[in-house]
Amino acid sequence: MANDASTVFDLVILGGGSGGYAAALRGAQLGLDVALIEKDKVGGTCLHRGCIPTKALLHAGEIADQARESEQFGVKATLEGIDIAGVHKYKDGVVAGLYKGLQGLVASRKVTYIEGEGRLSSPTSVDVNGRRVQGRHVLLATGSVPKSLPGLEIDGDRIISSDHALVLDRVPKSAIILGGGVIGVEFASAWKSFGTEVTIVEGLKHLVPVEDENSSKLLERAFRKRGIKFNLGTFFEKAEYTQDGVKVTLADGKQFEAEVLLVAIGRGPVSQGLGYEEQGVAMDRGYVLVDEYMRTNVPTISAVGDLVPTLQLAHVGFAEGILVAERLAGLKTVPIDYDGVPRVTYCHPEVASVGITEAKAKEIYGADKVVALKYNLAGNGRSKILNTAGEIKLVQVKDGAVVGVHMVGDRMGEQVGEAQLIYNWEALPAEVAQLIHAHPTQNEALGEAHLALAGKPLHAHD
C-alpha cells in the first residue's frame, strides 16, 4: 500500500454524504487540512437517492392533484396523464443542479476530494485506490442503505426498495408498501397522486408511529379520504410472485396482491467489511457507537450520520458533521438535543413536529403536569384558501414551557422553523402569544394556537 508520509491531513473523512461533506466544508473553513473520500457521488443518499429526489416526486404529484381538483377553484383544467420520463427529467435536473453546486463548494474550500471505495486501515488512516491516506483524526460517515427482512429478497423489479422506486420507468397500477413510516407514507402519497392504487402494511398500530398519536390519526383520516388503503397492527409474514405481480401474506393470514411491493421498513448502517471492528471501534447491530460529541471509543476516530444510532435525517448529519469539525478545530461545542430537531414527513398532508409527544411528556413530567391544546386549521384563513385540513397541537408543561409542537396539514413543514425556536428557546405560551404573526398566513396558526394556550384565544373557541 503506497503511503505518502509527507501528507498527513488534519481530518480524513470516509463518506461524502450529508454528515461527511458538512464536516469537510466546516473543517476547511476553520483551517483544517481535510481529505474527503467517497465511492459514489458527493451528496450521498440525501441528494441522490433520498430527500431531494423524493420531494421532487411529491411535488410532481402535487401538481397532478392540483390539475385534477382545479375546477373547485374555478379553474378548468384536465390531467392528460403522467409522463414518467418527464417527471424523472425534472427530478434529475433538480438533483444535477444541486450536485454541481456542491462540487463547486467542496473545490472552493480546498478540500482534497478522493473518489474511490475507502477502508479504515488504522486508527489514523484510510486505504483507497491503492493509497494510504493518513490523518490526525478520522471521521466515519458511510451512511445507510435500505433494509429488508429475512427471506424477503429485493429483486429491483417486483419487490423494490426506495432506490428502485426513484428510478422506476413506469407508474405502477397498484402497489403494496411494507412500512408506514416516513419513507412508506411519502411514496404512498406520491404514487396515489400519480394514479396508483396503494395499500400500506404497517405492523405497529399507527402510520408514522414515532409521531404524536394525534398526528398519526389525522394522517390516517386524510389518507382514507384520498383513497390510500392501509392495514395496521399486523406484521408481514411472506411475499411470493403471482403471474403478473406480488402477493403479500400477513401473520393473521390476510393477503394483498399488487403489481409491485415496495419495502420501506427503514435503513441500515453501511459498516460491514470496512475495517471498523478490526480497528477496535465499538459497534452495535452494525451501528458505530458514539458519545454526545460524536466520539467513538477510539480517541482518533469519530462517526456521524446514519452510521450512528441517532435520527436518520440529513439535517442531523449536517449538525453532527459540523460539531465534529468544530471540536477538532478547538472550538467549544454543545451536544445536540435530538428532541429539538425538526422532523417533517412530506406526504399530502404534511406531518411536522419538534419536541416530545404528549405521551412522552406525561411519562417525564407526570400526567397532571402536562397541558395539550389543539388548534384546528379550519380557523386559519390561508389554510382555508389552500383547502387543507389539519391541526396544530401544542404540548406544554403546566405553567411552563412548550415542549412539543405537532402539526398536520399541507405546507406544515414550512412552519416547523418557528416551532423549533419555540421548543429550543423554552418559550412560554404567553411569550409566543405576544409576537404578531402576519395575516393571512399558515404561520399565523402557530400564533393563534399559543394565544389559545395563553388563555386569550382569538379565532378559536374558548
Side-chain angles (χ1 to χ4, degrees), residues 1-4 7 9 11-25 27-28 33-53 92 95-96 98-107 109-135 137-148 154 156 161-164 166-167 267-279 281 283 286-288 294 296 301-308 312 314 317-318 320-321 324-325:
M1 183 66 62
N3 182 11
D4 183 1
T7 304
F9 294 94
L11 176 60
V12 174
I13 302 168
L14 181 55
S18 302
Y21 85 68
L25 294 176
D33 193 7
V34 179
L36 178 63
I37 299 165
E38 169 56 49
K39 68 177 182 179
D40 189 8
K41 294 176 180 175
V42 67
T45 293
C46 171
L47 177 54
H48 300 285
R49 295 175 299 282
C51 320
I52 301 302
D92 295 343
V95 171
L98 291 170
Y99 177 46
K100 187 176 180 182
L102 182 55
Q103 287 176 301
L105 263 177
V106 170
R109 297 277 173 91
K110 305 289 192 291
V111 172
T112 300
Y113 183 71
I114 303 167
E115 191 174 321
E117 189 161 355
R119 189 177 190 279
L120 188 67
S121 51
S122 82
T124 55
S125 66
V126 173
D127 290 351
V128 57
N129 301 337
R131 170 189 175 193
R132 180 154 290 168
V133 183
Q134 297 277 1
H137 201 90
V138 175
L139 175 60
L140 308 177
T142 43
S144 64
V145 289
K147 286 197 297 191
S148 189
I154 293 173
S161 72
S162 56
D163 287 358
H164 304 116
L166 281 170
V167 295
R267 300 180 63 85
V270 175
S271 58
Q272 199 169 5
L274 295 177
Y276 299 170
E277 287 170 304
E278 290 91 324
Q279 300 307 323
V281 176
M283 301 180 72
Y287 291 100
V288 172
M294 316 315 297
T296 71
I301 300 175
S302 297
V304 297
D306 287 1
L307 180 62
V308 302
Q312 290 187 331
F318 295 149
E320 291 173 344
V324 169

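A quick note: this is a predicted structure, and the numbers were derived from the prediction, not measured.
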For [X] against [Y], the heavy-atom pair lying closest together:
{"X": "Leu25", "Y": "Arg109", "answer": "O-NH1, 3.1 Å"}
{"X": "Asp306", "Y": "Gly143", "answer": "CB-C, 3.8 Å"}
{"X": "Pro53", "Y": "Val95", "answer": "CD-CG2, 4.1 Å"}
{"X": "Ala23", "Y": "Leu11", "answer": "O-CD2, 4.4 Å"}
{"X": "Ser125", "Y": "Val138", "answer": "N-CG2, 3.9 Å"}
{"X": "Glu320", "Y": "Gly305", "answer": "OE1-N, 2.7 Å"}

Subject >> Trace of the side-chain contact (heavy atoms from CB on, under 4.5 Å) decision for Leu307 with Val270 >> reply: CA-CA 7 Å; Leu307 180 62; Val270 175; 5.7 Å; no
**OP:** Step by step, work out the side-chain contact (heavy atoms from CB on, under 4.5 Å) result for Val308 and Met294.
**Re:** CA-CA 9 Å; Val308 302; Met294 316 315 297; 3.9 Å; yes
Using residues 37-52 as the side-chain source, report each donor-acceptor pair under 3.5 Å to any protein atom, sequence neighbours left out, with the distance given to one decimal.
{"residue": "Glu38", "atom": "OE1", "partner": "Gly16", "partner atom": "N", "Å": "2.7"}
{"residue": "Glu38", "atom": "OE2", "partner": "Asp40", "partner atom": "N", "Å": "2.8"}
{"residue": "Asp40", "atom": "OD2", "partner": "Arg49", "partner atom": "NH1", "Å": "3.1"}
{"residue": "Thr45", "atom": "OG1", "partner": "Arg267", "partner atom": "NH2", "Å": "3.2"}
{"residue": "His48", "atom": "NE2", "partner": "Val42", "partner atom": "O", "Å": "3.0"}

Original post:
Between atom OG of Ser122 and atom CD of Gln279, what is the distance when rounded to the nearest 0.5 Å?
Top reply: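 Output value for this atom pair is 6.0 Å.
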Subject >> Check: Val324 and Val304 side chains under 4.5 Å, non-hydrogen atoms >> reply: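 Yes - at least one pair of side-chain heavy atoms lies under 4.5 Å apart.
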Subject >> 4.5 Å side-chain heavy-atom contact, Val12 and Gln134 >> reply: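 No; the side chains remain at least 4.5 Å from each other.
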Could you work out, with side-chain hydrogen bond (donor to acceptor under 3.5 Å, both in side chains) as the rule, every residue matching [X], not counting sequence neighbours?
{"X": "Ser302", "result": "His137, Arg327"}
{"X": "Glu277", "result": "none"}
{"X": "Tyr287", "result": "none"}

Subject >> Qualifying residues under salt bridge (charged side-chain N to carboxylate O under 4.0 Å, His left out), relative to Glu278, sequence neighbours excluded >> reply: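 By the salt bridge (charged side-chain N to carboxylate O under 4.0 Å, His left out) rule, Glu278 matches Arg119.
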Just jot down the side-chain contact (heavy atoms from CB on, under 4.5 Å) partners of [X], sequence neighbours excluded, or say none.
{"X": "Ala22", "answer": "Phe318, Ile322"}
{"X": "Ser161", "answer": "Pro146, Ile154, Asp163, His164"}
{"X": "Ala24", "answer": "Ile13, Val34, Leu36, Val111"}
{"X": "Val281", "answer": "Leu120, Tyr276, Met283, Val288, Thr296, Asn297, Val298, Ile301"}

Original post:
Has the side chain of Thr142 got a donor or acceptor atom that lies under 3.5 Å from a matching backbone atom of Ser271?
Top reply: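 Not a single qualifying donor-acceptor pair exists.
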Original post:
Are any side-chain N or O atoms of Asn129 and backbone N or O atoms of Glu115, one a donor and one an acceptor, separated by less than 3.5 Å?
Top reply: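 Yes, Asn129 side chain to Glu115 backbone: donor-acceptor pair under 3.5 Å.
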